[in-house]
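Just so we're clear, the structure is a prediction, and the values are computed from it rather than from any experiment. When a ligand or atom number is given, it counts from 1 through the structure's own listing order. The figures that follow rest on heavy atoms only: side chains count, while hydrogens, waters and symmetry mates do not.
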Amino acid sequence: MSRQLLSGHKVEQASEEEVKKMEMVPFVRGIVRILPEGWLYSWSATNFLNKIYNMKFRSDDVIVMTFPKCGTTWMQEIVWTMLHNPNLDNPEADESLWLRSHEISMDMHMDIEHFKGKLWHPIMEKFEKMCPGGRIEDGVCLQILEASPGPRVMKCHYPFSLLPPDMLQSAKIDLPQVVYVTRNPKDMMVSFYWFWKESNSFQYRGNFENCIRQLMTGSTLFTPYWPHVKEAWQKRHHSNVHFVFYEDLKADTMLELKKLNDFLGTRLSEEKLEAVAQHTSFSSMSKAGVNQIKKVYGERKSKKTSFFRKGITGDWKNHFSPELQEEVDRWIEKNVSGTDISLRWALWQ
Ligand code: PPS
């Protein structure tokens, strides 16, 4: 039985066979496919997508939107720091980023067996404090976001077409700002593989090649990749959308921070931007991430967090066989053809 969302998308339950092939820890009520694009999300997403479609954004909101593993966490911390910690003296910065910058798409994860109908316990504690009497079924992160003061820095893995249609509909004034980050698909895929493999929540059991093929064929969670990127690419000239490539951010961080400074209107001096770049470098963020995890779990918890692995470009070269590379490059060429997305970037030779 399929049903329709307010966005006009149709929701279909993925078959047990399809879900089994994803080789992950089960989702209590399975996986749904959102058509026509075919996005695969946990069933819980359907509880929240209509609410998200009607979400009221504020003019001082910044939404960091990405297909997963494309640089979300990095950009979230950059934007949060520019807006809330430009002098690097805000004590809230010691708190985990997940408690400072909430995710619009996070509530779908409460269906992962590991979470048992809730979310990560520090988020639940914050929910109880900020939203007394709130019902979990109405979305933990969504309610925290509603109760949060601005400027809110939000993370979102949902694509534009599942968000409110009027979100970018008029002049710059009174609209939220969207920073869309993408990353060359081969590095995105490698990052996904290790994230799933090492995550307690997903516990991916497949091998590397399977994972890459699932991401390529749009047969695993969050996929397909290309429609997500293409929807944002079409909006890249909108005055409230800022499109960033992970590779550019990596190659010349200061140049990208200057562009962000203009886009966000933060007016930080070059010296302050240098400090932001330093504070959000891979080494600083991964060190801070470990400390934040320790603060929550204590010393005995694993020393790393799965959100910081290598933080480099071109790591796919250490993972792909020549045959697999050829297959993936053909898929990339097919998807980039007919668009003005740079094939050179997409192949990232
Ligand atoms: S998620 O789960 O979708 O939010 O993951 P996301 O943050 O989008 O992507 C994780 C990858 O980003 C790398 N990362 C960074 N790279 C450079 N600098 C900084 N500061 C940084 N922080 C996170 C992270 O290491 C993941 O990439 P890989 O290739 O796996 O290392």
Side-chain angles (χ1 to χ4, degrees), residues 24 39 41-42 63-82 85 93 96-106 108-109 112 119-120 123 141 153-159 179-202 204 208 211-212 215 220-223 225 228-229 232 244-254 256-257 260 273 275-293 304-320 348:
M24 288 187 199
W39 282 298
Y41 298 128
S42 90
I63 304 156
V64 176
M65 187 191 286
T66 61
F67 186 82
K69 312 323 290 178
C70 288
T72 334
T73 316
W74 189 11
M75 184 55 79
Q76 266 176 289
E77 189 64 280
I78 289 174
V79 173
W80 192 89
T81 306
M82 288 174 76
N85 192 19
S96 164
L97 183 61
W98 320 121
L99 301 172
R100 291 180 270 131
S101 168
H102 287 275
E103 178 178 344
I104 297 173
S105 39
M106 181 73 177
M108 76 161 124
H109 295 309
I112 298 177
L119 289 175
W120 191 40
I123 295 184
C141 284
V153 179
M154 312 181 200
K155 159 177 173 171
C156 182
H157 285 321
Y158 290 133
V179 180
Y180 188 91
V181 190
T182 193
R183 184 180 197 183
N184 84 75
K186 286 183 281 194
D187 280 340
M188 172 275 288
M189 289 166 151
V190 169
S191 187
F192 245 120
Y193 172 73
W194 287 111
F195 176 69
W196 273 339
K197 201 86 191 156
E198 293 185 348
S199 146
N200 285 332
S201 319
F202 296 103
Y204 183 67
F208 180 72
C211 179
I212 301 308
L215 287 162
T220 190
L221 207 60
F222 297 113
T223 60
Y225 165 84
H228 199 294
V229 176
V244 181
F245 292 98
Y246 177 98
E247 290 72 19
D248 289 343
L249 190 56
K250 193 77 202 170
D252 192 342
T253 309
M254 274 305 284
E256 293 303 318
L257 291 197
L260 265 172
L273 289 177
V276 172
Q278 180 53 42
H279 181 71
T280 58
S281 68
F282 181 79
S283 62
S284 302
M285 278 184 67
S286 44
K287 239 181 263 155
V290 169
N291 287 335
Q292 289 160 359
I293 289 279
K304 59 181 180 169
T305 99
S306 41
F307 288 89
F308 308 103
R309 192 183 60 90
K310 284 193 181 171
I312 58 171
T313 49
D315 192 34
W316 66 267
K317 292 177 189 166
N318 300 316
H319 289 78
F320 280 64
W348 203 256

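Residue F307 has at least one heavy-atom neighbour below 4.0 Å for each of these atoms of ligand 1: 2 (O), 4 (O), 10 (C), 23 (C), 24 (C), 25 (O), 26 (C). Close contacts of ligand 1 with K310, meaning ligand atoms under 4.0 Å from a residue heavy atom, involve 25 (O), 31 (O). Atom numbering of ligand 1 starts at 1 in the shown order; those under 4.0 Å from a heavy atom of S281 are 20 (N). For ligand 1, the atoms sitting less than 4.0 Å from at least one non-hydrogen atom of G71 are 6 (P), 8 (O), 9 (O), numbered in the order shown with element in parentheses. Taking a cut-off of under 4.0 Å to the non-hydrogen atoms of P68, the atoms of ligand 1 that pass are 3 (O).
Ligand 1 has no N or O atom lying under 3.5 Å from any N or O atom of D187, backbone or side chain. For a threshold of 3.5 Å applied to N or O pairs, the pair formed by T66 and ligand 1 contains no separation below that value. Not one N or O of F195 is nearer than 3.5 Å to an N or O of ligand 1, by distance alone.
Residues K250 and E256 are not paired through a salt bridge, judged by the lack of any N-O separation under 4.0 Å between the basic side chain and the carboxylate.
Ligand 1 is approached by H157 to a heavy-atom distance shorter than 4.0 Å. The closest approach between any non-hydrogen atom of W194 and ligand 1 is not below 4.0 Å. Proximity of K155 to ligand 1 is established by a heavy-atom distance of less than 4.0 Å.
By the criterion of a heavy-atom distance under 4.0 Å, the backbone of C70, and not its side chain, is placed next to ligand 1. Of all the heavy atoms of R183, the ones lying under 4.0 Å from any atom of ligand 1 belong exclusively to the side chain. Proximity of S284 to ligand 1, defined as any heavy-atom pair under 4.0 Å, is not found for any part of the residue. Counting heavy atoms closer than 4.0 Å to ligand 1, residue M285 contributes side-chain atoms (C-beta onward) but none from N, CA, C or O.
The main-chain N or O of H109 is never found under 3.5 Å from a side-chain atom of S42 such that the two would form a donor-acceptor pair. Under the 3.5 Å distance criterion, the side-chain polar atoms of T313 are left unmatched by any main-chain donor or acceptor of E247. At least one donor-acceptor pair closer than 3.5 Å links the side chain of H228 to the backbone N or O of H157. The closest donor-acceptor contact from the side chain of W74 to the backbone of T280 lies under 3.5 Å. Although no hydrogens or angles enter the test, the distance criterion places a donor-acceptor pair under 3.5 Å between the side chain of Y204 and the main chain of C211. When atom types are taken as modelled, the side chain of W316 and the backbone of W348 share a donor-acceptor pair closer than 3.5 angstrom. A donor-acceptor pair under 3.5 Å is formed between the side chain of T81 and the backbone N or O of E77. Checked by atom type and distance alone, the side chain of S286 pairs as donor or acceptor with a backbone atom of F282 at under 3.5 Å.
Nearest protein neighbour of atom 20 (N) of ligand 1, counting heavy atoms only, is T280 O, 2.9 Å. In terms of protein heavy-atom proximity, atom 28 (P) of ligand 1 is closest to S191 OG, 3.4 Å. In this structure, the protein non-hydrogen atom closest to atom 9 (O) of ligand 1 is K69 CA, 3.3 Å. Nearest to atom 8 (O) of ligand 1 among the protein's heavy atoms is T72 OG1, 2.4 Å. From the protein, the heavy atom lying nearest to atom 25 (O) of ligand 1 is R309 N, 3.0 Å. Closest to atom 15 (C) of ligand 1 among all protein heavy atoms lies F282 CD1, 3.7 Å. If you check which protein heavy atom lies closest to atom 16 (N) of ligand 1, you get Y246 OH, 2.8 Å.
Side chains of S191 and R183 form a contact here, defined as non-hydrogen atoms less than 4.5 Å apart. Side chains of V179 and I63 form no contact here, defined as non-hydrogen atoms less than 4.5 Å apart.
Considering only non-hydrogen atoms, atom 22 (N) of ligand 1 lies nearest to F308 out of Y193, F308, W316.
Of the N and O atoms on the side chains of S281 and S284, at least one donor lies less than 3.5 Å from an acceptor on the other residue.
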